[in-house]
Amino acid sequence: MQDAVLARQAMARQRRGRWLAHAALALGVLIFAFPIWITLVGSTHDAATIGRGDVPLLPGGHGLENFSTALGEGGGRMHTTPAAGMLLNSAIMALLIAGGKIAISLLSAYAVVFFRFPLRMAAFWTIFITLMLPVEVRIIPTYQVIVNLDLFNSFTGLTLPLIASATATLLFRQFFLTIPDEYVEAAQLDGAGPLRFFRDILLPLSVTNIAAMGVILFIYGWNQYLWPLLIINDRSMETIVVGLAKMIGSGDTQNEWNTIMATAVLAMTPPVLVVVLLQRWFIKGLTETEK
Amino acid sequence: MATLNLSAVTKSFGATTVLHGIDLNVADGEMIVIVGASGCGKSTLLRIVAGLETPTTGHVAIGGREVTRLEPADRDIAMVFQNYALYPHMTVAQNMAYGLKIRGTPKEEIARRVDETAGLLGIGPLLGRKPRELSGGQRQRVAMGRAIIREPKLFLFDEPLSNLDAKLRVQMRGEIRRLQQRLGVTSLYVTHDQVEAMTLGDRLVVMHRGRAAQVASPMEVWARPADTYVAGFIGSPAMNLLAGTLAEDGAAVQLRAGPLLRFTDGPRAGGEGRPLTIGIRPEHMLRDGDAIVTVALDLVEPLGSETVLHGTLASGEVLTARLPGMVPAVGSNMPLAIPAEALHVFDAETGRRLDA
Ligand SMILES: Nc1ncnc2c1ncn2[C@@H]1O[C@H](COP(=O)(O)OP(=O)(O)O)[C@@H](O)[C@H]1O
Ligand SMILES: [Mg+2]
């Protein structure tokens with residue numbers, strides 16, 4: 001009798017708990033997704049609708065036209081820089097940064113973990129400290145160096161200072177430390193030199209980690225704002241994140257919000273695609289190792 | 001195929017000396033088992049032979065060639081690791097072929113040798129699999145394959161069976177021995193398991209705290225242990241070690257536990273009252289005889305055809321005996337005889353064997 005009552009109470013409590021959890025999740029999704037939805041919808045209306053101050057919640061019929069304007073001519077009132085070119089620039093920048101960082105990190109982690117040389121730990125800590133010195137912190141001296149090297153308005157100048165930091169070194173070091181010494185020794189007995197070991201054994205074992213790091217660093221590179229803003233003033237080299245900000249006029253200017261939103265959607269798409277396509281690897285890389 | 005010579009090999013890690021001067025001469029085709037308790041320096045010795053460690057002092061020669069300073073790859077050796085160390089991203093065939101590939105062996109030659117070795121080990125159907133798709137025993141075979149395929153001068157094994165379950169271990173032990181004899185490759189095999197050591201080795205190196213306590217054939221080690229450590233380490237249950245003193249001008253020993261035993265193989269040197277340690281194997285104890293000790297039994301383990309008895313003597317020393325047939329239950333006092341012809345005599349201070 002008593003037990004039945006207790007059981008019913010417990011069930012009710014459980015049901016309430018589940019409802020609460022779902023409600024919280026739904027609210028989270030809503031808060032997170034709403035601005036994106038507004039952007040998506042906004043990119044499918046004509047300039048006048050948004051210009052009037054309406055915030056449409058349902059898609060309109062001008063999507064194709066807006067996107068082709070944004071891609072081919074450029075968004076915003078001035079139609080200055082076509083998004084197609086900026087997307088390409090952003091992609092080149094993000095890939096260079098991700099690739100460069102991964103290459104440097106792999107090599108430095110390899111050196112720190114597998115070789116004994118004087119000042120090894122000092123080298124590691126020096127690399128580690130760069131984590132505390134992102135471009136934003138050292139922006140003035142870095143700018144000076146890049147200008148002196150005549151790398152203004154170049155992809156080298158755009159990516160090099162962003163590549164030079166330790167983000168991925170730490171992760172690869174942690175991963176390399178979990179690789180049993182016996183693999184190194186077996187490879188030594190097989191006659192593999194340090195470079196062969198790196199190429200034939202270490203790299204294949206690191207693929208999932210590399211993919212995971214690649215996703216994170218691609219997005220990091222894609223979203224760069226301050227540095228590209230400083231170092232690029234040639235419109236043909238503009239990246240999409242900077243270009244997007246620039247196309248929003250300030251003050252009394254009448255903005256062409258529909259094409260701006262279309263450009264924003266275009267700017268968001270590649271990182272989303274990278275995450276979706278590499279998701280399986282990404283999660284594997286962060287959670288498991290092949291051993 | 002080659003000889004192996006170690007001379008005065010020592011190894012220190014910082015202030016701790018792990019190996020105190022090992023000398024060893026291995027004949028062509030011989031299988032040497034290095035056995036000892038965990039931490040005694042077996043792996044270190046093997047790794048010095050492999051070139052994975054450099055000795056602090058001393059020399060290593062393989063096939064008469066000084067290799068002390070050579071890289072592992074230049075020593076023409078192959079090693080089987082305890083955890084196998086198969087490359088996880090390569091198939092079985094690639095794992096076996098990797099060393100040959102690096103040495104620039106032609107493709108057709110590699111393929112032929114992979115097939116041949118796989119056939120020898122019965123792993124042909126597994127060639128396309130990754131290591132994680134294999135059972136422990138199969139991985140073990142692949143690790144062997146990777147060693148054999150190189151046709152090295154020397155095989156090194158570091159506890160290759162200790163990750164297998166008991167039954168598989170016995171089976172693989174037999175296979176390793178058969179393979180080694182068939183291929184005739186000089187081998188060094190490290191284990192902490194005395195049964196493995198006894199069954200596999202042409203000769204054993206019993207290691208104790210970084211020293212070779214005894215280097216001899218398994219039967220020699222069992223029949224004439226060089227010191228009390230070897231005596232207690234080899235044989236199961238372990239040899240009984242009883243305190244005593246030299247008596248009757250060296251012709252006998254007076255056991256602390258009571259009886260006086262006359263040596264059957266002749267007198268030992270030293271004065272009256274020289275402290276001795278007397279070894280007697282549990283399986284040599286008798287129900288009946290001249291020198292009787294009384295054992296207060298505290299554990300009786302019936303094994304079917306025989307019984308193992310554990311108990312205490314009047315002197316407080318523990319004694320184990322292995323007798324054929326059935327034996328009384330726990331709690332009783334039992335008289336047992338120590339046969340004088342089965343005694344091992346050691347110096348009580350140094351632990352060294354004293355021969356007549
Ligand atoms: N690289 C090393 N640095 C410091 N001490 C070591 C190293 N390798 C082994 N030792 C020490 O040497 C001793 C013998 O080790 P090892 O040869 O692995 O023993 P075993 O294989 O007989 O169990 C151990 O006490 C171990 O801690
Ligand atoms: Mg060991």
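The analysis underlying the following values was restricted to heavy atoms, covering all of them including side chains, and did not include hydrogens, waters or symmetry mates. Order of the sequence lines sets the chain letters (A, B, ...), proteins ahead of strands, with each chain counted from 1.
- Here the side chains of A/I201 and B/H89 are in contact, with some heavy-atom distance below 4.5 Å.
- Residues of residues 135-145 of chain B lying within less than 4.5 angstrom of chain A, judged on heavy atoms, are absent.
- More than 12 non-hydrogen atoms from other residues, nucleotides or ligands lie less than 6.0 angstrom from CG of A/L273.
- Within the 4.5 angstrom heavy-atom criterion, only side-chain atoms of B/R150, from C-beta onward, approach chain A.
- Among the residues in residues 91-107 of chain B, those with a non-hydrogen atom closer than 4.5 angstrom to a non-hydrogen atom of chain A are B/Y98, B/G99, B/K101, B/I102, B/R103.
- Using a 4.5 Å heavy-atom cutoff, the side chains of B/Q82 and A/E182 are not in contact.
- Atom CD in B/E53 sits 7.5 Å away from atom CD in A/E185 (nearest 0.5 Å).
- Judged by distance alone, the side chains of A/Y183 and B/N83 never bring a donor and an acceptor atom under 3.5 Å apart.
- For A/D181, no part lies under 4.5 angstrom from a heavy atom of chain B.
- Atom CZ of B/R177 sits in a crowded spot, with more than 12 heavy atoms from other residues, nucleotides or ligands closer than 6.0 Å.
- Within 6.0 Å of the CZ atom in A/F32, the count of heavy atoms belonging to other residues, nucleotides or ligands does not exceed 12.
- The heavy-atom pair separating B/A50 from A/L189 by the smallest distance is O-CD2, 4.2 Å.
- A/L25 CG: more than 12 foreign heavy atoms inside a 6.0 Å radius.
- A/G191 and B/A73 get closest at one heavy-atom pair: CA-CB, 3.4 Å.
- In terms of heavy-atom proximity, B/A85 sits nearest to A/A186 at O-CB, 4.0 Å.
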